[in-house]
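Everything below concerns the one structure shown next.
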2 protein chains.
Amino acid sequence: MPALPKTSDEAVIRAARVVLERDGAAGFSMQAVATAVGVRAPSLYKRFPDRDALLQTVAEDAARDLGARMVVADRAASTPAALTAMARAYRAFAHQAPHAYGLLFSASTPPSVEARAAAAAPVLQRLASLVGARQKLRAARLVTAWLHGFVSMELAGAFRLGGDVDGAFDYGLATLIAAAAATSRAPAGRRAGS
Amino acid sequence: MPALPKTSDEAVIRAARVVLERDGAAGFSMQAVATAVGVRAPSLYKRFPDRDALLQTVAEDAARDLGARMVVADRAASTPAALTAMARAYRAFAHQAPHAYGLLFSASTPPSVEARAAAAAPVLQRLASLVGARQKLRAARLVTAWLHGFVSMELAGAFRLGGDVDGAFDYGLATLIAAAAATSRAPAGRRAGS
DNA sequence: ACCTGAACACCGTTCAAGT
DNA sequence: ACCTGAACACCGTTCAAGT
């Protein structure tokens with residue numbers, strides 16, 4: 001007599017995200033997730049090999065979400081406008097789900113390389129159209145590094161010297177887009193400022 | 001009859017850093033630290049209130065180390081040269097002590113605001129001399145966000161699309177320094193590209 | 001098939017007792 | 001003063017037994 005499933009992979013992942021945002025990555029427990037979906041902790045091991053695997057699945061899920069938001073933000077007229085919209089959507093996602101965001105670049109349970117690449121794809125494409133395929137990777141690393149750095153420092157409370165943080169974000173974004181665009185007009189291989 | 005101390009705060013912190021780099025933040029255990037200094041775990045609670053307090057002390061220690069390296073790198077002729085040297089020293093520190101570096105911007109056990117500020121002070125000062133006091137905070141947030149983002153994405157394995165990562169670092173650094181310097185020549189309050 | 005209670009290992013932490 | 005063993009709570013994980 002097969003036992004009726006009391007939950008599903010999707011429900012577990014959804015509950016795990018709620019628990020993660022409530023308790024943080026360090027406080028994240030299988031018991032809390034199990035309680036949230038109405039089963040006992042051992043049942044979760046029928047669906048996920050261990051806690052890290054569940055956290056990694058949550059990371060993949062979050063990466064997918066982020067990618068979807070990038071796609072929506074990408075529906076903008078000009079390339080600079082689309083890049084600005086995507087950067088703001090990226091930051092908004094991190095503010096809404098800080099612990100899931102933290103998983104995206106975690107040492108222990110990062111999402112798969114493919115999941116990360118998929119989330120970043122829209123940005124890459126817009127940058128390619130801005131700076132050309134040749135400079136694309138460099139420009140992407142410049143912009144995404146700044147974006148991740150800004151957002152994660154902000155989440156870590158590292159911007160506490162006062163001042164206008166929103167303004168600093170807009171300033172950084174505009175400066176970077178302008179700098180990347182300027183680089184594309186320079187001879188290939190040249191490094192700005194050197 | 002007083003019992004002879006078998007260890008010291010400093011020895012515990014030193015051992016904790018070794019254990020941290022070996023086992024990672026998630027795997028970091030009081031037992032491992034205790035074993036490393038030759039006592040039993042309960043003894044550590046005479047020195048540090050709990051595991052998080054020990055990790056936070058390690059974060060402070062790491063911030064101090066990083067600050068010291070910044071000061072050394074700051075002994076350079078020109079301001080752009082000093083900024084380049086500091087950025088490279090920063091990245092080298094993160095490569096040498098990735099888990100201690102991770103603590104510097106962690107959600108659960110960050111260093112004190114003062115410790116972080118002290119480590120960043122030399123960079124702030126050089127940027128002030130480059131862009132003026134008025135633009136200092138913005139420029140600092142631009143540069144440190146990129147720096148932290150680049151380094152932490154690198155550590156998280158997010159730069160796996162190939163290409164020259166060292167080159168991307170030099171390119172980003174030169175681009176940012178040039179962009180920050182250019183901004184300082186624009187009217188105050190103006191945002192580049194807008 | 002999926003769920004459960006019981007059990008085990010491991011860790012953080014407390015505390016009374018040792019020197 | 002500082003150290004220790006014993007104990008407790010809590011969690012991850014396994015597994016035999018239930019339906």
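Here is how names work: the chains are called A, B, and so on, in the same order as the sequence lines, proteins then strands, and each is numbered from 1. Computed from a predicted model, the values in this text were never measured in an experiment.
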Within 45° of the ring axis of A/Phe93 and under 6.0 Å from its six-membered ring centre, is that where the NZ or CZ of A/Arg69 lies? no

Verify the cluster assignment for B/Val143 and B/Leu124: are they in a single hydrophobic cluster under the rule of side-chain heavy atoms below 4.5 Å apart? no

Rounded to the nearest angstrom, tell me the gap between atom NZ in A/Lys6 and atom P in D/dT19. 13 Å

Could you tell me which non-hydrogen atom of A/Arg160 sits nearest to which non-hydrogen atom of B/Val113, and how far apart they are? NH1-CG2, 4.4 Å

Please work out which residues in residues 49-60 of chain A have a non-hydrogen atom less than 4.0 Å from an atom of DNA chain D and list them by number. A/Asp50, A/Arg51

Have a look at B/Phe28 and say if it touches a base, only the backbone sugar-phosphate, or nothing, with a 4.0 Å heavy-atom cut-off. sugar-phosphate

So, with a heavy-atom separation below 4.0 Å from DNA chain C, the residues of residues 31-40 of chain A are A/Val39, A/Arg40

Are A/Leu137 and A/Leu127 connected into the same hydrophobic cluster when the rule is that any two of I, L, V, M, F, W, Y join if their side-chain heavy atoms are below 4.5 Å apart? no

Quick one: are B/Phe169 and B/Leu147 in side-chain contact, heavy atoms under 4.5 Å? yes

What is the minimum heavy-atom distance between A/Met70 and A/Tyr90, and which atoms define it? CE-N, 3.4 Å

Regarding A/Pro42, tell me which of base, sugar-phosphate or nothing describes its non-hydrogen contacts under 4.0 Å with the strands shown. base

For a quick check of understanding: with a heavy-atom distance under 4.0 Å over all strands, which category does B/Ser43 fall into, base, sugar-phosphate or nothing? base

Charged tip of B/Arg51 within 45° of B/Phe28 ring normal and under 6.0 Å: no

A correct dot-bracket answer for DNA chain C, with pairs being Watson-Crick or G-U at under 3.5 Å, [ ] for crossing pairs and | for inter-strand pairs, is ||.|||||...|||||.||

Tell me, yes or no, whether the heavy-atom count around B/Gln125 atom CD, taken from other residues, nucleotides or ligands under 6.0 Å, exceeds 12. no

Do the numbers put A/Arg91 on top of the ring of A/Phe150, so that NZ or CZ is under 6.0 Å from the six-membered ring centre and no more than 45° off the axis? no

Grab the CG-P distance between A/Leu44 and D/dG12 for me, whole Å please. 10 Å

Starting from the C-alpha separation in whole Å, work towards a yes-or-no answer on salt bridge (charged side-chain N to carboxylate O under 4.0 Å, His left out) for A/Asp170 and A/Arg88. CA-CA 9 Å; A/Asp170 288 341; A/Arg88 289 191 178 137; 3.1 Å; yes

Identify the heavy atoms of B/Pro111 and B/Leu104 that sit nearest to each other, and give their distance. CD-O, 3.4 Å

Interatomic distance where CZ belongs to B/Arg47 and P belongs to C/dT13 [whole Å]: 17 Å

Check the phosphate of D/dT4 against B/Lys46, side-chain N and O only, distance under 4.0 Å to OP1 or OP2. Yes or no? no

Quickly work out the B/Leu4 CG to D/dT4 P distance and round it to whole Å. 12 Å

